[in-house]
Amino acid sequence: MRAGEQLPTLDIAITRTLIVAGAIASRDYQDVHHDAELAKAKGSPDIFMNILTTNGLVGRYITDRFGPTAILRKVAIRLGAPNYPGDTMVLSGTVATVDAGPDGETATVKVVGVNGIGKHVTGTVTVTLPPGGAA
């Protein structure tokens, strides 16, 4: 793990099931995340992903890369273009900083998730690899 390192990308198919299951799992019962008719009535072309699902996917992206010993310290994201069914979100990341400490190495990773209409998510994740943890 070093500053400037580019992480491999992760392609995530945005399905209706992913959007609905993510909303229900995060106890977000807002109709725009599971009812296409009501989402359209409110001006959206379809249902769309909620921020809690996106937050979970960003966390997964980082822990998939850094392994099961990785500890997420902070996930700070901002949403942009909605994730609609039938699209693909491509997550990418760049290690911005790495600091050694008593708990291991802590990195700040800049993350971007892009779909067919633009940037869905941007943000930073702070992750610690305990001593002996492998990236």
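Keep in mind that the numbers below use all heavy atoms, side chains included, and drop hydrogens, waters and symmetry copies.
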Can you list, pair by pair, the side-chain donor-acceptor contacts under 3.5 Å of residues 118-127, counting residues two or more places apart and other chains?
unit_1: His120; atom_1: ND1; unit_2: Ala81; atom_2: O; d: 2.8
unit_1: His120; atom_1: NE2; unit_2: Thr54; atom_2: OG1; d: 2.7
unit_1: His120; atom_1: NE2; unit_2: Asn83; atom_2: ND2; d: 3.3

Considering all heavy atoms, the nearest Ala96-Ala3 contact: O-CB, 3.5 Å
Check: Tyr61 side chain, Gly56 main-chain N or O, donor-acceptor pair, under 3.5 Å: no
ILVMFWY cluster, Ile62 and Leu79 together (side-chain gap under 4.5 Å): yes
Check against side-chain contact (heavy atoms from CB on, under 4.5 Å), Arg65 and Met1: CA-CA 11 Å; Arg65 169 59 182 94; Met1 183 165 63; over 6 Å; no
Reported NZ-to-CD distance for the pair Lys42 and Gln30, which is rounded to 0.5 angstrom: 5.5 Å
Donor-acceptor contact below 3.5 Å, side chain His34 vs main chain Ala23: no
Main-chain N/O of Ile47 paired to Ser44 side chain as donor or acceptor, under 3.5 Å: no
Minimum side-chain heavy-atom gap Lys40-Pro45 below 4.5 Å: no
From Ile71, Val109, Leu72, residue fulfilling side chain to side chain contact (heavy atoms under 4.5 Å, CB included) relative to Phe66: Val109
Flag for Thr108-Thr97: side-chain donor and acceptor within less than 3.5 Å: yes
Side-chain donor-acceptor pair present, Asn115, Thr88, cut-off under 3.5 Å: no
ILVMFWY network linking Ile14 to Leu10, side-chain heavy atoms under 4.5 angstrom: yes
same_hphob_cluster(Val75, Leu57) at 4.5 Å side-chain heavy-atom cutoff: yes
Hydrophobic cluster membership, Ile19 vs Tyr84, 4.5 Å side-chain cutoff: no
Gap separating the CG atom of Asp99 from the OG1 atom of Thr128, nearest 0.5 angstrom: 9.5 Å
Where Gly116 and Asp87 come nearest, the two heavy atoms and their spacing: N-OD2, 2.9 Å
Lys/Arg-Asp/Glu bridge criterion (N-O < 4.0 Å) met for Glu105, Arg2: no
Taking every non-hydrogen atom, the tightest pair across Ala36 and Asp46: CB-OD1, 3.7 Å
Same apolar cluster: Ile24 and Ile51, side chain cutoff 4.5 Å: yes
Heavy-atom pair of closest approach, residues His33 and Phe48: ND1-O, 2.6 Å
Residue pair Gly22 / Asn50: nearest heavy atoms and the distance that separates them: O-ND2, 4.3 Å
Side-chain donor/acceptor of Thr53 to backbone N/O of Met49, under 3.5 Å: no
Inter-residue atom distance Leu91.CG - Thr9.OG1, 0.5 Å rounding: 9.0 Å
Distance, nearest 0.5 Å, that separates CE of Met89 from CG of Leu18: 8.0 Å
Taking every non-hydrogen atom, the tightest pair across Pro130 and Thr69: CD-O, 3.2 Å
